[in-house]
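Owing to the predicted nature of the structure, the values given are computational and were not obtained by experimental measurement. Numbering of ligands and ligand atoms starts at 1, following listing order. In this chain, numbering begins with 1 at the start of the sequence shown.
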Amino acid sequence: MSRFMSARHAVLVPYTPGEQPKERKYLKLNTNESPFPPSAKATEMAAAAAAGLQLYSDPECRNLVAVAAKYFGIDRNRIIFSNGSDEVLNYAFMAFCDEGTPALFADITYGFYPVFATLNGVPYEEIPLKDDFSIDPEPYIGKKGTVFIANPNAQTGIELPVEEIERIVSSKQDSIVVIDEAYVDFGARSAVPLTEKYDNLLVVQTFSKSRSLAGARLGLAIGNKELIKDLETIRYSTNPYNVNSMSAAAGIGALLDDGYMKRNSGKIVEAREYTKRSLEGLGFRVTDSTANFVLAEHPHADGKLLYSRLKEEGVLVRHFDTERIRNWNRITIGSMEMMQSFIATLEKVMKEIVA
Ligand code: PMP
């Protein structure tokens with residue numbers, strides 16, 4: 001750190017993205033990306049938009065907003081787009097948290113939440129998941145603050161039923177509840193319909209997972225129009241051109257080709273269920289995930305050692321050196337072929353480790 005770094009930001013511990021190694025070709029099951037390429041409609045539209053790159057992108061994202069509003073069946077002023085959903089999550093910390101309004105989120109969840117809180121000088125409280133790693137809604141209802149829930153939850157993939165979300169939202173009408181639905185398209189139920197009914201609910205989604213556009217950086221939030229206006233204030237105070245023209249066009253193509261996303265998500269669900277069964281067959285405990293990843297541990301194998309041995313064998317999974325899940329590994333679900341290959345390598349590694 002230079003001696004010029006502001007005291008306010010000197011305390012930051014930045015988010016650690018998953019490895020993106022270039023030195024060797026891995027079976028990459030560590031960053032929850034899609035194994036499938038983007039829809040051809042998305043790439044064709046992005047390529048066409050490239051011809052107009054001498055102009056700034058449309059700060060209002062009018063074409064994309066129009067298509068998305070129709071897709072979700074909502075008014076245009078109830079949706080905002082961002083440079084990946086990370087950006088709009090950061091906006092939500094800026095807009096809806098402060099010294100007297102702490103952020104509340106689970107002790108095991110998306111690692112960016114504490115980073116955004118610290119970046120924005122916002123106090124936060126980590127609320128423990130239950131022993132089975134599911135979310136306990138009660139503490140969120142009982143405490144003052146803005147709630148951030150990833151649903152399905154990050155790292156575990158476990159879903160909080162939408163009825164429980166409604167219970168939190170309706171019991172805390174003077175607080176904002178942010179539901180981060182990055183992984184909702186792999187079998188979970190969305191809280192978007194509830195945004196019609198509650199003015200304190202914000203739902204965040206991304207094009208990075210089920211729509212195979214992680215590199216395009218496209219996210220969105222849906223909520224009451226006043227909430228969206230607040231987020232627009234933050235956006236216009238930081239970077240109004242946050243969504244580039246090519247990504248906006250890719251987003252339109254992806255939404256128009258929804259069947260492609262649904263077919264791919266179906267394949268992921270099938271591969272996930274195969275992976276769960278196979279891991280359990282090898283003696284692993286596996287979370288009941290409705291996302292495109294599972295979290296797994298073996299009673300007789302050290303989680304970190306397993307991660308390292310798999311890496312040596314050319315398979316990359318995600319290991320978190322954090323309490324409670326130190327012995328677990330998060331495995332992204334790829335295509336069926338990728339998962340069969342993963343299980344074959346795992347069988348070999350487990351024979352050595354457990355022997
Ligand atoms: N929320 C959760 C729970 C995530 O796991 C991720 C992906 N790392 C994001 C949000 C951010 O995704 P993106 O910025 O690519 O939209």
Side-chain angles (χ1 to χ4, degrees), residues 14-20 28-34 38 42 61 64 68 79-93 103-117 119 126 129 133 135 146-160 165 177-188 190-192 202-222 231 235 238-239 242-244 247-248 250-251 254-255 261 268 287 289-295 316-320 322 325 330-333:
Y15 176 71
T16 314
E19 298 164 88
Q20 299 285 7
K28 222 176 145 295
L29 305 177
N30 68 328
T31 44
N32 298 345
E33 289 145 325
S34 173
C61 283
L64 176 57
I79 187 162
I80 180 174
F81 278 90
S82 58
N83 192 309
S85 57
D86 281 338
E87 187 179 53
V88 79
L89 286 166
N90 189 28
Y91 291 172
F93 277 85
L104 308 173
F105 45 81
D107 61 341
I108 300 167
T109 188
Y110 187 29
F112 231 134
Y113 301 158
V115 180
F116 287 141
L119 176 67
E126 293 178 311
L129 296 181
F133 288 165
I135 287 176
T146 301
V147 174
F148 290 83
I149 292 178
N151 197 43
N153 196 13
Q155 321 330 348
T156 68
I158 298 172
E159 178 184 8
L160 182 66
I165 291 172
V177 177
V178 179
I179 303 296
D180 176 356
E181 294 189 344
Y183 302 105
V184 78
D185 291 325
F186 303 102
S190 173
V192 166
L202 188 76
V203 178
V204 173
Q205 291 196 0
T206 180
F207 283 57
S208 296
K209 314 294 176 185
S210 60
R211 296 186 199 279
S212 307
L213 285 172
R217 313 303 303 125
L218 194 61
L220 63 89
I222 292 174
L231 297 172
R235 192 169 76 87
T238 50
N239 182 12
N242 57 338
V243 177
N244 74 71
S247 296
L255 287 175
M261 180 276 271
I268 298 286
T287 53
S289 167
T290 54
N292 66 338
F293 56 86
V294 295
L295 193 66
L316 214 49
V317 297
R318 186 97 192 244
H319 180 261
F320 297 90
T322 34
I325 56 168
R330 191 191 71 188
I331 301 138
T332 298
I333 305 298

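- Each of the following atoms of ligand 1 lies closer than 4.0 Å to a heavy atom of Lys209: 7 (C), 8 (N).
- Counted by atom type alone, Asn242 and Ser82 present zero donor-acceptor pairs between their side chains at under 3.5 Å.
- Here Phe148 contributes atom CZ and Leu202 contributes atom CG; the two are 8.5 Å apart, rounded to the nearest 0.5 Å.
- Taking a cut-off of under 4.0 Å to the non-hydrogen atoms of Asp86, the atoms of ligand 1 that pass are 9 (C), 11 (C), 14 (O).
- At a 4.0 Å heavy-atom cut-off, ligand 1 touches Asp180 through the side chain alone.
- Checked by distance only, ligand 1 and Tyr113 stay at 3.5 Å or farther apart across all their nitrogen or oxygen atoms.
- With hydrogens left out, the protein atom closest to atom 8 (N) of ligand 1 is Tyr110 OH, 3.2 Å, a heavy atom.
- Within ligand 1, the atoms closer than 4.0 Å to a non-hydrogen atom of Ser208 are 13 (P), 15 (O), 16 (O), numbered from 1 in the order shown.
- Between Phe112 and ligand 1 there is no heavy-atom distance shorter than 4.0 Å.
- The side chain of Tyr183, and not its backbone, has at least one atom closer than 4.0 Å to an atom of ligand 1 (non-hydrogen atoms only; side chain from C-beta on).
- Proximity of a side-chain donor or acceptor of Glu159 to a complementary backbone N or O of Pro152 within less than 3.5 Å is not detected.
- Between Lys28 and Thr31, the side chains place a donor N or O and an acceptor N or O closer than 3.5 Å (distance only, hydrogens not considered).
- A donor-acceptor pair under 3.5 Å links the side-chain atoms of Arg330 to the main chain of Asn30, judged by distance alone.
- Under the 30°/60° scheme for interplanar angles, the aromatic rings of Phe112 and Tyr15 are found to lie parallel.
- Each of the atoms 13 (P), 14 (O), 15 (O) of ligand 1 lies under 4.0 Å from some heavy atom of Arg217.
- When only non-hydrogen protein atoms are considered, atom 12 (O) of ligand 1 lies nearest to Ser85 OG, 3.3 Å.
- Tyr110 has its ring centre less than 6.0 Å from the ring centre of Tyr113.
- Contacts with ligand 1 closer than 4.0 Å are made by side-chain heavy atoms of Ala182 only, the backbone lying farther away.
- With hydrogens and angles ignored, the 3.5 Å screen pairs no side-chain donor or acceptor of Ser247 with any backbone N or O of Arg217.
- In this structure a side-chain-to-backbone donor-acceptor pair under 3.5 Å is missing from Asn292 to Thr332.
- Taking a 4.0 Å cut-off on heavy atoms, Glu87 fails to register as neighbouring ligand 1.
- Numbered from 1 in the order shown, with element, the atoms of ligand 1 that lie under 4.0 Å from a heavy atom of Gly84 read 14 (O), 16 (O).
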